Amino acid sequence: MAKITSDLNLYNTADRAVSKFVPLSPGKVGIYLCGATVQAPPHIGHIRSGVNFDILRRWLTAIGYDVTFVRNVTDIDDKILHKAVHEEIPWWAVAMKYERAFSDAYAALNVMPPTYEPRATGHITQMIQLMEKLIANGSAYAPGNGDVYLEVRKLKSYLTLSNQKLDDLQSAEDADLTYKKDPSDFALWKAAKPGDPSWPTPWGDGRPGWHLECSAMAHAYLGEAFDIHGGGLDLIFPHHENEIAQSESAGWKFANIWMHNAWVTTSGEKMSKSLGNSLQVMEILKKVRGIELRWYLGSAHYRSMLEFSFEALEESAVNFRRIEGFLQRAREILKKEIEPSISSEFTTAMNNDLAVPQALADISELVRIGNTAITDNDLAALAKSASEVRGALEILGCDPFDPVFADSNSSKVEILDGLISLALEQRNAARARKDFAASDEIRDSLTALGITIEDTPTGSRWTVN
RNA sequence: GGUCGGAUGGCCGAGAGGCGAGGCUCAGGACUGCAAAUCCUGCUACACGGGUUCAAAUCCCGUUCCGACCUCCA
């Protein structure tokens, strides 16, 4: 689309500041996003992370970068094993079931499939290689029971991302020092327990620790150094600190920039599973369309907490429908597809650490200008504003004309249009003879069916609510 | 105890020394046979107490309240 702009600025958690983005390799960006542990259906907090980083990816692509986007699936984990017992199905069936649930949710919200979507269990070889390296150079140790630990006190630096001191941490009250040299040492690999799945290693049968997976997979797909590592705020410690510890101990540069999205909150608190099922993506999609949920989740700045309520969701959907309605009217009036383009205001906003709220203000202004152009019958001005609105929505993943969001009953829409046109002909005949009782009766009947009629200078148009 | 973040109008949500983001709601107006849609106008806020400054929502000091992480959470 556009040529690469050199003035994208991003916030880096590592130095708590916004700075100019400089790719490691000109024209290319590698991103690793910590994806889901597939042990439950996704709630809107999970999917917000997906949406936020999807917007980042789309913007990087729009300004000309060749983006490699990796989002992993953690398909082996304590919770998955527990769930398998609870649901009385194999652990791998649990993982597959919820991986599909996540995929469905991502698809419903138009989150693009990652370039690569590695599963942890598919990368045991790379993990063993990494552990061999860490043990060989003295960073890690295998106490003999099948576990492998990283020895954090040997690190030249640790906890730099969260800016903590090792000795300030509240020590785990139940740290088991049978095998660990220090309570802070963390498991790279966990010895097999009877009945649990396991893989053979030189140190005994076992399964991967969470942190090790991500280092191994990021390395496998993006190399020893890559541009952006993302995830939720709550992953900073311990997960990302431990990824850094392992990867730097292996001699890798690892991530250049760390980006973290904030949570969706309810009553000011981080969402938790105790809230039940009501905030699962698929439940909310019974109330609003996918494009509307995406608009809502994307509308706050990615580093700000988003306080969820159904009222706010509905308000946001109303706002979106106004913009969508404008684009539909514009297409009808212009009698052609609207070519997306990027306004300079939108570019400025997005280059400022993805200032989506600022971009939204610009979109509102463009819609107002466009609607005024419709009133003034200024087709050139209408085409320009509609084009810039569509271009912005495309980056935000909310283009109403995107086939992803197309009505699956499009063939029936034509039939519906024919039927409603018949009714509107009757109504217009009644209006022509000033028989408003009859014309209103037709309109009321249509309204009762959920069809809204608008009379415009060029005739009546209809929309389904 | 350590680390990090937050408090903005009826609601959501930006901004980060001056010129009042934007949306939603509500009220009034224009247009319309009436509506709908659209446009215009109005309602105009920065937790509290000090301080710095010509000027503070924004910077500094203090206070209150809320939240997150501290070893497998997006």
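Keep in mind it's a predicted model, so treat the numbers as computed, not measured. Chain A is the first sequence line, chain B the second, and so forth, proteins listed ahead of strands; every chain is numbered from 1.
Note on L169(A): a base of the nucleic acid sits closer than 4.0 angstrom, heavy atoms only. Contact annotation for D167(A): no contact, since no heavy-atom pair falls under 4.0 Å across all strands. Nucleic acid contact for G45(A): base, since at least one base atom lies under 4.0 Å from a heavy atom of the residue. Heavy atoms of L306(A) sit under 4.0 angstrom from primed sugar atoms or phosphate atoms, though from no base atom. Using a 4.0 Å heavy-atom criterion, one finds that V356(A) contacts no nucleic acid atom at all. No contact: S309(A) has no heavy atom under 4.0 Å from any strand.
In the interface, the side chain of S184(A) is paired with the base of U71(B) through a donor and an acceptor atom under 3.5 Å apart. In the interface, the side chain of R443(A) is paired with the base of A35(B) through a donor and an acceptor atom under 3.5 Å apart.
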Discussion item. Within the 4.0 Å limit for protein heavy atoms, which parts of nucleotides 15-23 of chain B are touched? Write it as a string from 5' to 3', B for base, S for sugar-phosphate only, - for none.
Written reply: ------BSB

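Between L161(A) atom CG and C69(B) atom C1' there is a gap of 12 Å when expressed in whole angstrom units. The distance between atom NE2 of H240(A) and atom C1' of C4(B), rounded to the nearest whole Å, is 16 Å. In this entry the distance linking CG of D54(A) with P of A74(B) reads 18 Å, nearest Å. Atom-to-atom, CG of D234(A) to C1' of C73(B) comes out at 5 Å; the value is rounded to the nearest Å. Distance, L382(A) CG to C39(B) P: 13 Å, rounded to whole Å. When the P atom of A74(B) is taken as reference, atom OH of Y98(A) falls 14 Å away, rounded to whole Å. In this structure, NZ of K79(A) is placed 7 Å from P of A74(B), rounded to the nearest angstrom. Regarding L235(A), its CG atom lies at a distance of 13 Å from the C1' atom of A68(B), rounded to whole Å.
Ion pair D205(A)/K193(A) not flagged as a salt bridge, since none of the NZ, NE, NH1 or NH2 atoms sits closer than 4.0 Å to an Asp/Glu carboxylate oxygen. With respect to R427(A) and E441(A), no salt bridge is recorded, no charged nitrogen being found less than 4.0 Å from a carboxylate O. Using a cut-off of 4.0 Å between Lys/Arg side-chain N and Asp/Glu carboxylate O, K180(A) and E151(A) are scored as not salt-bridged. A salt bridge between R58(A) and D399(A) is absent, with no side-chain N of the basic residue lying under 4.0 Å from a carboxylate O of the acidic one.
In plain terms, the two heavy atoms of M127(A) and P208(A) that are nearest each other are SD-CB, 3.4 Å. The shortest heavy-atom contact between V67(A) and T115(A) is O-OG1, 3.9 Å.
For the OP1/OP2 pair of C40(B) and a distance below 4.0 Å, the side-chain nitrogens and oxygens of R368(A) include at least one atom meeting the criterion.
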Practice prompt. Decide yes or no on side chain to side chain donor-acceptor pair (under 3.5 Å) for N9(A) and N352(A), but give the supporting numbers first.
Written response: CA-CA 5 Å; N9(A) 291 278; N352(A) 178 22; over 6 Å; no

Item to complete: Using Watson-Crick or G-U wobble pairs with both distances under 3.5 Å, give me RNA chain B in dot-bracket, 5' to 3', with [ ] for crossers and | for pairs to another strand.
Response: (((((((..(((.....[...))).(((((.......)))))....(((((..]....))))))))))))....

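Nearest-nucleotide positions on RNA chain B for E311(A) and D78(A) put E311(A) closer to the 5' end. Comparing F237(A) and D168(A) by the nucleotide of RNA chain B that holds the closest heavy atom to each, the one mapping nearer the 5' end is D168(A).
Using the six-membered ring where Trp is involved, Y141(A) and Y149(A) have ring planes that are tilted, between 30° and 60° apart. Between Y106(A) and F102(A), the ring-plane angle classifies as tilted under the 30° and 60° cut-offs.
Of the candidates G67(B), U3(B), G33(B), G67(B) carries the atom nearest the E269(A) side chain, counting heavy atoms from C-beta on. You'll find that the side chain of N163(A) is closest to U3(B), out of G33(B), U3(B), G1(B). Nearest to the side chain of R431(A), among C34(B), A14(B), A74(B), sits C34(B). Here the nucleotide nearest the side chain of K270(A), chosen from A74(B), A37(B), C34(B), is A74(B). When distances are taken from the side chain of N261(A) to each of C12(B), U71(B), A74(B), the shortest belongs to A74(B).
Pairs of residues two or more places apart, or lying in two chains, that qualify as ring pair (Phe, Tyr, Trp, His ring centres under 6.0 Å) and include a residue from residues 312-333 of chain A are W295(A)-F320(A). Among pairs with a residue in residues 109-119 of chain A, those fulfilling salt bridge (Lys or Arg N to Asp or Glu O under 4.0 Å) read R71(A)-E117(A), E99(A)-R119(A), at least two apart in sequence or across chains.
Among the candidates L297(A), L313(A), T266(A), the single residue satisfying the side-chain contact (heavy atoms from CB on, under 4.5 Å) test with I44(A) is L297(A).
G50(B) and C12(B) have their C1' atoms separated by 32 Å, given to the nearest Å. Taking atom C1' on both G15(B) and U58(B), the two are 9 Å apart, rounded to the nearest angstrom. The same atom, C1', is picked in G23(B) and in C19(B); the two are 22 Å apart, to the nearest Å. Going from the C1' atom of G67(B) to that of A47(B) covers 15 Å, rounded to whole Å. Comparing U3(B) with U8(B), their P atoms sit 26 Å apart, to the nearest whole Å. Taking the P atoms as reference points, G49(B) lies 42 Å from U38(B), given to the whole Å. Across the C1' atoms, C40(B) and A7(B) are found 34 Å apart, a figure rounded to whole Å. One C1' atom belongs to G51(B), the other to G17(B), and the distance between them is 15 Å to the nearest Å.
Both the sub-6.0 Å distance and the 45° axial angle are not jointly satisfied by R431(A) relative to the ring of F436(A).
In this structure, CH2 in W210(A) is found 11.5 Å from OG in S215(A), a value given to the nearest 0.5 Å.
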What side-chain donor-acceptor pairs closer than 3.5 Å can you find for residues 233-242 of chain A, not counting sequence neighbours?
{"residue": "D234(A)", "atom": "OD2", "partner": "W263(A)", "partner atom": "NE1", "Å": "3.3"}
{"residue": "D234(A)", "atom": "OD2", "partner": "K270(A)", "partner atom": "NZ", "Å": "3.1"}
{"residue": "H239(A)", "atom": "ND1", "partner": "H211(A)", "partner atom": "ND1", "Å": "2.9"}
{"residue": "H239(A)", "atom": "NE2", "partner": "E243(A)", "partner atom": "OE2", "Å": "2.9"}
{"residue": "H240(A)", "atom": "ND1", "partner": "H260(A)", "partner atom": "NE2", "Å": "2.8"}
{"residue": "E241(A)", "atom": "OE1", "partner": "L159(A)", "partner atom": "N", "Å": "3.4"}
{"residue": "E241(A)", "atom": "OE1", "partner": "T160(A)", "partner atom": "N", "Å": "3.4"}
{"residue": "E241(A)", "atom": "OE1", "partner": "L161(A)", "partner atom": "N", "Å": "3.4"}
{"residue": "E241(A)", "atom": "OE2", "partner": "L161(A)", "partner atom": "N", "Å": "3.0"}
{"residue": "E241(A)", "atom": "OE2", "partner": "S162(A)", "partner atom": "N", "Å": "2.5"}
{"residue": "E241(A)", "atom": "OE2", "partner": "S162(A)", "partner atom": "OG", "Å": "2.6"}
{"residue": "N242(A)", "atom": "OD1", "partner": "Y158(A)", "partner atom": "OH", "Å": "2.5"}
{"residue": "N242(A)", "atom": "ND2", "partner": "H211(A)", "partner atom": "NE2", "Å": "3.2"}

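Using a 4.0 Å cutoff on non-hydrogen atoms, the parts of residues 444-458 of chain A near RNA chain B are T452(A), I453(A), E454(A), D455(A), ordered by number.
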